Amino acid sequence: MESDKSFFEKVYEVVRKIPPGRVTSYGAIAHYLGTRSSARMVGWAMNQSHTQADVPAHRVVNRKGMLSGKHHFGGPRVMQQLLESEGIRVTDDQVIDFNKVFWDPSLELANERIPISVKEIK
DNA sequence: CGATTGACCGAAG
DNA sequence: CCTTCGGCCAATC
């Protein structure tokens, strides 16, 4: 079972499954892992994500769709460029149409079917 | 070992 | 919309 894997490893695994042109939030990942309240740990996992490979951390933003961790990519421009390169519109450190590009692991991975879930963001 | 910090979230005022 | 607060847990000081 996944019990062998650390919390961080689970986070990395989910992040790797984020399809191009999509983004998710720390809370969504935390919720998917069953630790909704530990969204901060997801952030910490991303901080250590540099130790892992193929972890598109740029597809993970906070619940507002803001590029909160852009400074951790080696430059404040890197994250935005990576997202725009995937077709995601970013303006002023915020993802445009966040509700449309939002990818919720607890929904997409649970059913393993067609993506695109129009989730309402407050 | 105690206190602080952190790529967060949600509720309350 | 804003700020403040509590919670959660690991890494760092």
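What you are looking at is a predicted structure, and each value in this text was computed from that prediction instead of being measured. Residue numbers begin at 1 in each chain, while the letters A, B, ... track the order of the sequences.
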- [ ] Determine, step by step, whether A:Glu86 and A:Arg59 satisfy the salt bridge (Lys or Arg N to Asp or Glu O under 4.0 Å) criterion, reporting the C-alpha distance in whole Å, the side-chain angles of both residues, the deciding distance to 0.1 Å, and the verdict.
- [x] CA-CA 10 Å; A:Glu86 295 181 353; A:Arg59 294 184 190 143; 2.7 Å; yes
Task: A:Tyr12 OH - C:dA10 P separation (whole Å) - done: 13 Å
TODO: With side chain to side chain contact (heavy atoms under 4.5 Å, CB included) as the test, would you mind laying out the steps for A:Ser49 and A:Phe8 before giving the verdict?
DONE: CA-CA 8 Å; A:Ser49 67; A:Phe8 294 158; over 6 Å; no
Open item on the list: Taking atom types as they are modelled, would you say the side chain of A:Arg63 forms a donor-acceptor pair with the base of B:dC9 within the 3.5 Å cutoff?
Closed with: no
Open item on the list: Tell me whether the side-chain N/O atoms of A:Ser68 come closer than 4.0 Å to OP1 or OP2 in B:dC8.
Closed with: yes
Task: Closest non-hydrogen atom pair between A:Phe98 and A:Val61, with its separation - done: CE1-CG2, 3.6 Å
Task: For atom CD of A:Glu9 and atom P of C:dA10, their distance in whole Å - done: 15 Å
Open item on the list: Applying a 4.0 Å non-hydrogen cut-off, can you work out what A:Ala57 is touching in the nucleic acid: base, sugar-phosphate, or nothing?
Closed with: base
- [ ] Using a heavy-atom cut-off of under 4.0 Å over every strand shown, decide if A:Asn47 touches base, sugar-phosphate, or nothing.
- [x] base
Task: base_contact_polar (B:dG10 base, A:Arg36 side chain, donor-acceptor, <3.5 Å) - done: no
Open item on the list: Distance check needed: B:dA7 P versus A:Lys70 NZ, whole Å only.
Closed with: 13 Å
- [ ] Calculate the interatomic distance between A:Gln48 atom CD and B:dA7 atom C1'; express it in whole Å.
- [x] 12 Å
TODO: Specify the separation, in whole Å, of atom CG of A:Leu67 and atom C1' of B:dA7.
DONE: 10 Å
TODO: Rounded to the nearest angstrom, tell me the gap between atom NE2 in A:His31 and atom P in B:dC9.
DONE: 13 Å
TODO: Would you tell me whether A:His58 and A:Gln81 have side-chain atoms, one donor and one acceptor, within less than 3.5 Å of each other?
DONE: no
- [ ] Using whole Å, report how far CE of A:Met41 lies from C1' of C:dG7.
- [x] 11 Å
Open item on the list: Testing the basics here: between A:Asp54 and A:Arg16, what is the closest heavy-atom pair and its distance to 0.1 Å?
Closed with: O-CG, 3.0 Å
Task: Nucleotide nearest A:Phe8 (side chain, heavy atoms from C-beta), chosen from B:dC8, C:dA11, C:dC9 - done: C:dA11
Open item on the list: From the set B:dA7, B:dC9, C:dA11, return the single nucleotide nearest to any side-chain atom of A:Phe73.
Closed with: B:dA7
TODO: Look at all strands and tell whether A:Ser49 reaches a base, only sugar-phosphate, or nothing, counting heavy atoms closer than 4.0 Å.
DONE: base
Open item on the list: In whole Å, I'd like the distance from the CE atom of A:Met66 to the P atom of C:dC1.
Closed with: 10 Å
